[in-house]
Amino acid sequence: MALRVVQWATGGVGVAAVKAVLEHPELELVGCWVHSRAKAGRDVGQIVGTDPLDVTATNSIEEILELQADAVVYTPLMANSAEVASLLRSGKNVVTPVGWLYPGERSGAPLRAAALEGNATLHGTGIAPGGISEKFPLLLSAMSTGVRFVRAEEYSDLRTYEAPDVLRHVMGFGELPDSALTGPMQKLLDAGFIQAVRMCVDQLGFAADPKVRATQEVAVATAAIDSPIGRIEPGQVAGRKFTWEAVAGGEVVVRVTVNWLMGEENLDPAWSFGPEGQRYEMEVRGNPDFTVSVKGFQSEFGAQGPEAGVVGTAAHCVNSVPAVCAAPPGIATYLDLPLISGRAAPRFR
């Protein structure tokens with residue numbers, strides 16, 4: 001019998017998640033929560049651009065809580081722990097890319113209690129953080145001994161990110177440097193990326209300082225740059241770099257970095273993606289040293305269709321649902337679950 005899945009929110013990741021559920025042989029879409037009244041009452045197929053699915057979207061949390069379902073793929077723009085706790089207490093497993101990758105005992109306690117009350121499981125996943133930043137470096141480290149350092153780094157062109165309000169008012173692009181550096185982005189990113197670093201530290205066994213070091217830098221435009229928020233004028237922020245590091249014995253042993261640029265031209269400092277272009281890059285230093293680059297998750301500026309990284313984030317969530325439903329109640333991280341894989345396309349099954 002297929003596992004009954006609810007999709008929570010239908011932004012970019014949510015739309016991709018609905019389509020991923022439809023392709024998964026072990027899952028069935030039975031519900032969908034939407035934020036806007038305009039979407040409520042519509043067939044979910046109309047919202048995501050497929051044939052009718054005979055599933056009606058609702059903006060009523062109570063309707064979702066009362067629905068008989070095995071799991072919720074929870075993909076709002078921002079996490080709401082009270083919502084997640086309610087879903088868990090209603091007996092629904094929750095898989096999400098917006099938090100709880102590797103929560104500490106204290107920070108995870110309320111949701112762990114809610115999960116135990118509902119006999120359900122919470123699992124944080126995604127792509128960066130949520131895959132590239134910790135899961136994949138740990139998997140790759142199995143190919144080396146005497147590990148001294150691991151790194152995960154993102155190089156992305158933010159001109160492909162079609163969310164102008166988020167780019168300007170949350171990420172700080174188009175702002176003056178002081179405004180961007182004191183804006184909300186560092187704090188918003190810290191929770192997930194610090195958990196990613198700590199997962200690597202703990203699993204690899206580094207005797208690292210408890211505090212993860214977080215830093216940020218900006219690059220400004222030296223000439224006008226066309227972007228999703230309009231023209232970025234000289235002196236305004238057109239590049240952002242965030243880094244999180246764990247230190248042991250005075251040396252950096254784990255580093256996660258995000259490089260977000262509005263293209264590679266007219267920047268000061270003159271940051272670039274290098275000859276390999278946009279990518280995710282993972283490095284392990286030990287015996288042996290090696291570096292792995294992953295391309296394809298970032299779209300090129302001007303390309304049509306959904307961002308591959310958005311689809312990948314949704315796929316990672318959806319493909320995790322069967323393992324999460326089978327896990328003991330509580331909070332399950334990657335370290336608690338078996339290998340997660342995709343499923344063959346329908347015509348090859």
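All residue numbers in this chain count up from 1 along the given sequence.
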Under 3.5 Å, sequence neighbours excluded: what are the donor-acceptor pairs made by side chains of residues 18-32?
residue : atom : partner : partner atom : Å
K19     : NZ   : V48     : O            : 3.4
H24     : ND1  : E26     : N            : 3.1
E26     : OE2  : R343    : NE           : 2.8
E26     : OE2  : R343    : NH2          : 2.9

Pairing of R159 and D157 as salt bridge, 4.0 angstrom limit:
yes

Qualifying residues under ring pair (Phe, Tyr, Trp, His ring centres under 6.0 Å), relative to F242, sequence neighbours excluded:
W260

Do you know the tightest heavy-atom contact between A2 and D70?
O-OD2, 4.3 Å

With sequence neighbours excluded, tell me which residues meet side chain to side chain contact (heavy atoms under 4.5 Å, CB included) with A85.
R89, L111, A114

Once side chain to side chain contact (heavy atoms under 4.5 Å, CB included) is applied, do any residues pair with T291, and if so which ones, sequence neighbours excluded?
R151, E281, E283

Determine which pairs satisfy ring pair (Phe, Tyr, Trp, His ring centres under 6.0 Å) with at least one residue from residues 77-110, sequence neighbours left out, and list them in order.
none

Does a sphere of radius 6.0 Å around CD in E251 hold more than 12 heavy atoms from other residues, nucleotides or ligands, not counting ones at 6.0 Å or beyond?
no

Tell me every residue that passes ring pair (Phe, Tyr, Trp, His ring centres under 6.0 Å) with W271, counting only those two or more places apart in sequence or in another chain.
none

Can you list the steps and then say if K39 with Q46 is a side chain to side chain contact (heavy atoms under 4.5 Å, CB included)?
CA-CA 9 Å; K39 292 180 180 179; Q46 293 179 316; over 6 Å; no

So the salt bridge (Lys or Arg N to Asp or Glu O under 4.0 Å) pairs with at least one residue in residues 291-319 (sequence neighbours excluded) are none

Over all heavy atoms of both residues, which pair between G235 and P177 is shortest? Give the atoms and the distance, please.
O-CD, 3.6 Å

Checking side chain to side chain contact (heavy atoms under 4.5 Å, CB included) between W244 and each of T215, V254, D190, which is the one that passes?
D190

Residue pair Q236 / G174: nearest heavy atoms and the distance that separates them:
CD-O, 3.4 Å

Residue pairs meeting side-chain hydrogen bond (donor to acceptor under 3.5 Å, both in side chains), one or both in residues 122-149, sequence neighbours left out, come to T125-H316, T125-Y334, K135-H316, R148-D289

State which residues pass salt bridge (charged side-chain N to carboxylate O under 4.0 Å, His left out) with E62; sequence neighbours excluded, sorted by chain then number.
none

Determine whether L267 and F301 fall in the same hydrophobic cluster, where Ile, Leu, Val, Met, Phe, Trp and Tyr are linked whenever their side-chain heavy atoms lie under 4.5 Å apart.
no

Counterpart residues, ring pair (Phe, Tyr, Trp, His ring centres under 6.0 Å), relative to Y74 (two or more places apart)
W8

Do the non-hydrogen side-chain atoms of V147 and F206 ever get within less than 4.5 Å of each other?
yes

Determine the minimum heavy-atom distance between G274 and E264, stating which atoms define it.
N-OE1, 3.8 Å

Would you say CZ of R349 has more than 12 non-hydrogen atoms from neighbouring residues, nucleotides or ligands within 6.0 angstrom?
yes

Counting only heavy atoms not in E265, do more than 12 fall under 6.0 Å of its CD?
no

Tell me every residue that passes ring pair (Phe, Tyr, Trp, His ring centres under 6.0 Å) with Y155, counting only those two or more places apart in sequence or in another chain.
none

Across all chains, not counting sequence neighbours, the salt bridge (charged side-chain N to carboxylate O under 4.0 Å, His left out) partners of E83 are none

